[in-house]
Amino acid sequence: MNEAVNFGLKNSPNEFVRNFEASGISLYIKREDLLHPEVSGNKFRKLKYNLIEAKNQNKNTLLTFGGAFSNHISAVAAAGKILGFKTIGVIRGEELGEDLEKTCSENPTLKFAVSCGMQFEFVSRSVYREKHLPEFEEKLKGKFGDFYLLPEGGTNALAVKGCEEILSDSDKEFDFICCSAGTGGTVSGIINSALETQKIFGFSALKGDFLIPEISKYTSKENWELITEYHFGGYAKVSAELIFFINDFQKKFQIPLDPVYTGKMLFGIFDMIEKSVFPRNSRILAIHTGGIQGISGMNSLLLKKNFPLIDV
Ligand SMILES: *Cc1c(COP(=O)(O)O)cnc(C)c1O
């Protein structure tokens, strides 16, 4: 079972990015984005033990929640197809359901999910906010039958367990480990499996420090810090400077970054190196958590705003 849910994968490679001569700092990136072409990066890690649990409970349907460009929706759809689960995505935005064909023609994430066989339930923003109420789950069960529920963003204790497998023995040589955070599940797993002597920085993709108590739910360790300065206004928000950084990074190091998570984290790491936040000669490992599927969706938004686009 474990093997089937692993899709036959091993750990992802660390790639050298660059030395910063002035400070002696070296930066490596763990290419979790290369784990699987469709169940990318941390989303694969977060799903693994949940999919095993769903099979153990003899569930044949996965139901989850997400925004219209969600990496999690995309990953659940792909994993369901590979492993033979029916999948249902409860998507924020009632208007998207009015003309599904038109919606899919404008939204590569949902188009891909449909191609994997995912069924959608489009709901208004107010219903979406109340999705955790038992009445809503009952209504969904009435409509779709029994299912295994994956929370929005996929974070639960089993997801954190999967993310504890991101680091491997060879990563013990790093002083700092950096990881982007949306719900905080991924960085929690990394904190749990890192050495006491390593320091973990979680880069929040959202405004504020509400992730501190979230992460503390899944770890009792203290060798970590939430970095809150590099959210650029939140999930769907970018600046021209960020787009330029992502394009420049791709050109220089041949590593694509996504605009929601990894691009903002790497921008932050470069800025923090510049501002001497890291001690001299630090060895830094940044986790590439994937998210590349989101680039074309972001580009269609940027195009409408007459903004520079992300190179693909
Ligand atoms: C979902 C996602 C994250 C955030 O993971 P959490 O466990 O929710 O903190 C980070 N990077 C990418 C690319 C993601 O898709």
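Indexing begins at 1, ligand by ligand and atom by atom, following the structure's order. These numbers were taken from a predicted model, which means no experiment stands behind them.
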Against heavy atoms of [X], which atoms of ligand 1 measure under 4.0 Å?
| X | value |
| --- | --- |
| Lys43 | 1 (C), 2 (C), 3 (C), 14 (C), 15 (O) |
| Ala181 | 9 (O) |
| Gly291 | 13 (C) |
| Asn71 | 13 (C), 14 (C), 15 (O) |
| Gly290 | 13 (C) |

**OP:** Determine, step by step, whether Lys217 and Glu214 satisfy the salt bridge (charged side-chain N to carboxylate O under 4.0 Å, His left out) criterion, reporting the C-alpha distance in whole Å, the side-chain angles of both residues, the deciding distance to 0.1 Å, and the verdict.
**Re:** CA-CA 5 Å; Lys217 279 183 201 165; Glu214 289 302 310; 3.1 Å; yes
Original post:
Parallel under 30°, tilted from 30 to 60°, perpendicular over 60°: which one fits the rings of Phe249 and Phe245?
Top reply: tilted
Original post:
Using the ring of each side chain (for Trp, its six-membered ring), is Phe253 parallel, tilted or perpendicular to Phe270, with breaks at 30° and 60°?
Top reply: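 Geometry flag for Phe270 against Phe253: tilted rings.
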N or O contact, [X] vs ligand 1, cut-off under 3.5 Å:
| X | result |
| --- | --- |
| Thr262 | no |
| Gly184 | yes |
| Lys46 | yes |
| Thr186 | yes |

Which protein heavy atom lies closest to [atom], and at what distance to 0.1 Å?
| atom | result |
| --- | --- |
| atom 4 (C) of ligand 1 | Gly182 N, 3.4 Å |
| atom 5 (O) of ligand 1 | Asn42 ND2, 3.0 Å |
| atom 8 (O) of ligand 1 | Thr183 OG1, 2.6 Å |
| atom 11 (N) of ligand 1 | Thr289 OG1, 2.6 Å |

**OP:** List the steps, then state whether salt bridge (charged side-chain N to carboxylate O under 4.0 Å, His left out) holds for Glu38 with Lys81.
**Re:** CA-CA 11 Å; Glu38 289 166 349; Lys81 183 179 169 203; 5.9 Å; no
Original post:
Which pair of heavy atoms, one from Ala78 and one from Val39, lies closest together, and at what distance?
Top reply: CB-CG2, 3.9 Å
Original post:
What is the minimum heavy-atom distance between Ile287 and Met265, and which atoms define it?
Top reply: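 What the structure gives for the nearest pair is O-CE, 3.3 Å.
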**OP:** Please lay out, stage by stage, how Glu95 and Arg125 fare under the test salt bridge (charged side-chain N to carboxylate O under 4.0 Å, His left out).
**Re:** CA-CA 10 Å; Glu95 71 286 356; Arg125 279 150 183 86; 3.4 Å; yes
Original post:
Can you tell which of Tyr230, Phe174, Phe176, Trp224 makes a ring-ring contact (aromatic ring centres under 6.0 Å, His included) with Phe201?
Top reply: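 Per the ring-ring contact (aromatic ring centres under 6.0 Å, His included) rule, the option paired with Phe201 is Phe176, out of Tyr230, Phe174, Phe176, Trp224.
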Original post:
Of all residues at least two apart in sequence or in a different chain, which pass the side chain to side chain donor-acceptor pair (under 3.5 Å) check with Ser124?
Top reply: Ser126
**OP:** Decide whether the shortest distance between a heavy atom of Gly41 and an atom of ligand 1 is less than 4.0 Å.
**Re:**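 No.
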Original post:
Is the closest basic N to carboxylate O distance between Lys139 and Glu135 below 4.0 Å?
Top reply: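 Between Glu135 and Lys139 there is no salt bridge, as every charged N stays at least 4.0 Å from the carboxylate O atoms.
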Original post:
Side chain, backbone, both or neither: which part of Val187 comes within less than 4.0 Å of ligand 1 when only heavy atoms are counted?
Top reply: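 For Val187, there is no contact with ligand 1 at all, from either part.
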